[in-house]
Participant: 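Pasting a structure below so you can have a look.
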Amino acid sequence: MLKRTHYCGNIRSDHVGRAVVVCGWVKSYRDHGNLVFIDLRDRQGLVQLVFDPQTQPEIHKIARDIRCEWVIAAGGRIRRRSEGMENPKMPTGEIELAVDQLEILNKARTPPFEVDDAESVNEELRLTNRYIDLRRPRMQDIIRLRHRTAKLVRDYFDENGFWEIETPMLGKSTPEGARDFLVPSRLYKGAFYALPQSPQLFKQILMVSGVDRYFQIVRCFRDEDPRADRQAEFTQIDVEMSFVDSEDVMKVNEGMVARVFKEILGVEVPLPVRRMSYAESVNDYGIDRPDLRFDMKLKDITDIAAQSSFKVFSSVAEKGGIVKGLCAPQANRFSRSDIEKGLAGFVADYGAKGLAWFKVAPAEAGDRLQLNSSIAKFFTADRQAQIIERFGAKDDDLILLVADTEAVANKALAPLRVKLGADLGLYDEGQFEFVWVVDFPLFEWNEDNKRYDSLHHPFTSPIADDMGKLDTDPGDILSQAYDLVVNGSEIGGGSIRIHDANVQAKVFDLLNISRRQAQQRFGFFLKALEYGAPPHGGIAFGLDRMVMLLVGTDNIRDVIAFPKTQRGQCLLTAAPGDVDQAQLDELNLRVQKHSHQPRTGDE
RNA sequence: GGGGCCGUAGCUCAACUGGUUAGAGCAUCGGACUGUCGAUCCGAAGGUUGAGGGUUCGAGUCCCUUCGGCCUCGCCA
């Protein structure tokens with residue numbers, strides 16, 4: 001077998017005159033009757049091979065039969081292309097390989113889709129034939145970038161004294177949070193392991209163990225419905241530190257993120273990353289992960305709306321709801337139907353019952369601005385002026401308002417703001433705006449179950465000043481949690497943990513987890529806290545989402561080599577699949593009902 | 001669990017209101033061709049219109065069921 005000396009894509013004009021051997025896949029062949037050209041592809045790129053019947057008649061004859069995606073090795077001398085024959089479109093376009101040795105290493109069936117066209121091909125087909133899809137330069141760039149990111153992360157944490165420690169994949173189900181993936185135990189009939197939703201308790205126990213600084217790039221599993229940016233199986237950069245406060249954790253980790261963005265994209269992240277309180281974020285952006293690439297803040301106009309003669313607004317205000325909205329700059333071009341069908345339909349998905357609107361335009365007399373809309377008549381000139389002033393609205397702007405409970409209004413307006421930001425082109429692609437969101441409430445009241453839920457998770461520590469409120473005013477407690485948000489996407493979140501067993505017990509009480517339940521689920525952990533737990537805290541980043549941002553895709557499947565579909569299937573292997581009766585017997589399991597067979601890969 | 005979009009040749013798409021033998025480009029196969037690079041030119045082959053049922057003289061098109069993909073609400077401490 002010919003042994004490779006160079007990658008195709010790495011050859012440059014410095015190699016002219018050099019004898020080389022390249023290996024790869026045939027990207028295309030051009031047979032001119034006389035000369036045959038083959039573009040050979042490997043992970044580094046393409047190089048042009050030339051087969052000349054005058055000098056190498058035997059090899060030329062073989063080359064004529066070669067087809068796309070065949071695997072070949074070719075040896076020969078690199079030569080400069082003659083004048084006018086260079087191809088400036090390819091990095092190797094100044095040179096070519098005059099082949100005098102050729103080996104066909106493997107033939108290939110005609111691929112189910114053309115590698116060059118894969119961008120426009122049905123994703124289903126790409127996933128079923130992932131090995132072909134992954135040959136595409138774009139996909140290899142992403143895979144390489146993901147590798148480099150992971151490497152940078154490891155190097156960074158290593159330099160900062162962190163140890164990478166593996167934690168179990170087969171763990172104990174703790175039925176808080178997301179649905180677990182379960183693994184039946186053979187040795188203990190009727191008992192199950194759970195795949196980790198995160199290594200949360202293990203990393204805290206490592207702090208109790210005196211490890212001091214831990215990180216891990218780790219697979220996590222949550223059996224919930226996937227989304228464009230969510231897979232049931234995903235990868236976390238998991239971090240935990242001892243003897244630290246929030247600032248220490250944020251400092252180390254924003255350093256990691258800044259290093260990654262600098263090295264991968266050349267983007268300078270200004271440090272320290274700005275901080276914003278949860279309250280400010282929800283108030284101005286309607287959500288705890290603000291997209292700061294553009295302004296267009298939400299404004300509450302309940303006070304003005306309450307005095308209007310517009311019944312929808314005044315009655316919402318009376319019932320304790322709010323009237324809140326945003327002012328879309330230069331959005332005058334939206335037609336009434338765009339707004340009342342398109343945008344109102346959009347917010348309806350989030351539970352908003354309606355979307356009121358005003359177009360801002362100069363009044364007929366004078367240079368004042370006024371509001372135009374079917375409901376403008378319910379607002380006196382004064383109130384219109386107040387609204388215009390509240391939003392800082394200008395001529396040709398469009399004001400959009402939702403009147404509802406505060407929760408619904410925010411839930412609808414936040415995505416509307418993001419959508420309009422994109423539709424109106426209010427930011428540049430390639431712009432990154434980082435923010436730490438801090439001062440989260442520790443709990444939120446769960447009206448359905450009449451109890452508190454953790455906003456972050458049950459191991460999050462209250463801020464020191466609020467410890468006393470655990471007994472008196474739990475809803476008012478702030479936590480020591482922090483989320484790192486980029487362009488409206490949460491890429492990481494963490495907290496300083498509770499290291500005092502008594503405080504932890506109190507929190508479980510408030511979450512309506514009984515002592516007995518707490519013992520059952522977390523007993524091992526509570527016990528660990530009693531044996532000298534240091535103050536500690538940490539964070540976890542979604543590696544997949546980080547890579548999505550770095551490569552600029554909104555499809556998480558693009559950054560995972562072998563992803564699953566929205567119904568949790570691997571189209572390449574057809575997992576999940578049936579198992580033998582013998583396997584079930586050994587596990588003491590009986591299947592009650594079969595759903596339809598997942599399909600069996602291709603054919 | 002709910003809502004939306006989609007499924008026609010290997011791939012990407014077309015086929016007006018239901019109406020001849022379901023078309024095109026790319027890929028494939030055969031041939032031609034003296035330097036191409038999305039090669040070009042000539043020719044050929046390629047279809048259970050995702051599956052099943054129904055309405056109709058007649059269904060890719062209408063109706064029902066079902067399978068699958070994507071987006072989304074719920075869900076995701």
Side-chain angles (χ1 to χ4, degrees), chain A residues 27-40 46-54 64-65 67-69 79 81-90 92-93 96 98 109-129 132 174-180 197-198 200 220-232 234 345-352 411-412 415 442-444 446 452-460 479 481 490 493 495 507 511 513 521 542 554-555 557 564-567 569 571 574 595-599 602-603:
Chain A
K27 189 236 172 205
S28 67
Y29 62 91
R30 297 176 291 279
D31 182 349
H32 286 259
N34 186 40
L35 295 180
V36 170
F37 298 94
I38 285 179
D39 288 341
L40 196 65
L46 297 175
V47 72
Q48 173 167 285
L49 313 181
V50 190
F51 299 84
D52 188 336
Q54 261 72 58
R64 297 195 78 170
D65 290 328
R67 291 296 177 265
C68 284
E69 301 307 320
R79 68 186 182 206
R81 295 194 194 180
S82 44
E83 191 92 17
M85 297 305 156
E86 302 96 343
N87 185 349
K89 280 184 280 185
M90 42 200 295
T92 59
E96 64 193 4
R109 293 169 57 185
T110 304
F113 55 89
E114 293 163 62
V115 174
D116 291 343
D117 287 359
E119 210 69 53
S120 64
V121 164
N122 196 340
E123 194 178 6
E124 201 177 339
L125 193 73
R126 289 172 45 202
L127 292 178
T128 316
N129 305 278
I132 294 170
T174 53
E176 285 286 308
R179 197 177 292 115
D180 282 323
Q197 296 185 22
S198 84
Q200 183 62 34
C220 302
F221 305 86
R222 293 177 191 174
D223 190 4
E224 300 292 347
D225 291 354
R227 281 285 191 285
D229 61 351
R230 219 160 76 190
Q231 285 263 302
F234 62 101
F346 180 83
V347 295
D349 283 348
Y350 300 89
K411 209 156 172 31
L442 186 63
F443 301 116
E444 59 188 346
N446 181 329
Y452 287 103
D453 282 340
S454 291
L455 205 71
H456 189 57
H457 61 48
F459 315 105
T460 302
S479 75
E490 185 212 314
S495 62
V507 168
L511 295 172
I513 299 172
R521 294 180 198 169
D554 50 13
N555 179 353
R557 294 177 298 278
K564 292 183 174 56
T565 68
Q566 202 166 57
R567 304 217 10 183
Q569 279 196 60
L571 294 180
S595 66
H596 290 278
Q597 284 294 309
R599 33 201 227 150
D602 81 336
E603 343 190 49

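No experiment lies behind these values; they were computed from the predicted model shown. Every heavy atom of this structure was used, including side-chain atoms; hydrogens, water molecules and symmetry mates were not. Residue numbers start from 1 in every chain, and the chains themselves are labelled A, B, ... in the order their sequence lines are given, proteins ahead of strands.
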Participant: To the nearest Å, give me how far apart CG (A/Asn129) and P (B/A27) are.
Facilitator: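 In whole Å, B/A27 P lies 19 Å from A/Asn129 CG.
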Participant: Mind checking what makes side chain to side chain contact (heavy atoms under 4.5 Å, CB included) contact with A/Tyr350, not counting sequence neighbours?
Facilitator: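 Side chain to side chain contact (heavy atoms under 4.5 Å, CB included) check on A/Tyr350 returns A/Phe346, A/Ala412, A/Pro415.
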Participant: Quick one: list whatever passes ring pair (Phe, Tyr, Trp, His ring centres under 6.0 Å) with A/Phe37, sequence neighbours left out.
Facilitator: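 Applying ring pair (Phe, Tyr, Trp, His ring centres under 6.0 Å) to A/Phe37 gives A/His32.
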Participant: Partners of A/Asp116 by salt bridge (charged side-chain N to carboxylate O under 4.0 Å, His left out), sequence neighbours excluded?
Facilitator: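 A/Asp116: salt bridge (charged side-chain N to carboxylate O under 4.0 Å, His left out) contacts with A/Lys27.
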Participant: Sequence neighbours excluded, which residues qualify as side chain to side chain contact (heavy atoms under 4.5 Å, CB included) partners of A/Asp349?
Facilitator: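 In terms of side chain to side chain contact (heavy atoms under 4.5 Å, CB included), with neighbours along the sequence ignored, A/Asp349 is linked to no residue.
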Participant: Atom pairs, N/O to N/O, protein against nucleotides 30-33 of chain B, distance under 3.5 Å?
Facilitator:
residue: B/C33; atom: N3; partner: A/Asp31; partner atom: O; Å: 3.2
residue: B/C33; atom: N3; partner: A/Gly33; partner atom: N; Å: 3.2
residue: B/C33; atom: N4; partner: A/Gly33; partner atom: N; Å: 3.2
residue: B/C33; atom: N4; partner: A/Arg64; partner atom: NH2; Å: 3.4

Participant: Name all residues meeting the salt bridge (charged side-chain N to carboxylate O under 4.0 Å, His left out) criterion together with A/Glu123; count only those two or more places apart in sequence or in a different chain, and write none if there are none.
Facilitator: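 A/Glu123: salt bridge (charged side-chain N to carboxylate O under 4.0 Å, His left out) contacts with A/Arg557.
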Participant: Apply side chain to side chain contact (heavy atoms under 4.5 Å, CB included) to A/Glu83 and list each qualifying residue two or more places apart in sequence or on a separate chain.
Facilitator: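 Applying side chain to side chain contact (heavy atoms under 4.5 Å, CB included) to A/Glu83 gives none.
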Participant: Which nucleotides of nucleotides 72-77 of chain B have their base under 4.0 Å from a protein heavy atom (B), which only their sugar-phosphate (S), and which neither (-), written as one string 5' to 3'?
Facilitator: BBBBBB
Participant: Applying side chain to side chain contact (heavy atoms under 4.5 Å, CB included), name anything that partners A/Met85, two or more places apart in sequence or on another chain.
Facilitator: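 Scan of A/Met85 (side chain to side chain contact (heavy atoms under 4.5 Å, CB included), adjacent residues dropped) gives A/Arg81, A/Ser82.
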Participant: Which residues satisfy the salt bridge (charged side-chain N to carboxylate O under 4.0 Å, His left out) test with A/Asp229, sequence neighbours excluded?
Facilitator: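 Once residues adjacent in sequence are excluded, the partners of A/Asp229 under the salt bridge (charged side-chain N to carboxylate O under 4.0 Å, His left out) criterion are A/Arg545.
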Participant: Classify every nucleotide of nucleotides 8-13 of chain B by which part a protein heavy atom approaches to under 4.0 Å, writing B for the base, S for the sugar-phosphate alone and - for neither, in 5'-to-3' order.
Facilitator: --BSS-
Participant: Who are the salt bridge (charged side-chain N to carboxylate O under 4.0 Å, His left out) partners of A/Glu119, not counting sequence neighbours?
Facilitator: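 With sequence neighbours excluded, A/Glu119 shows a salt bridge (charged side-chain N to carboxylate O under 4.0 Å, His left out) to A/Arg136, given in chain and number order.
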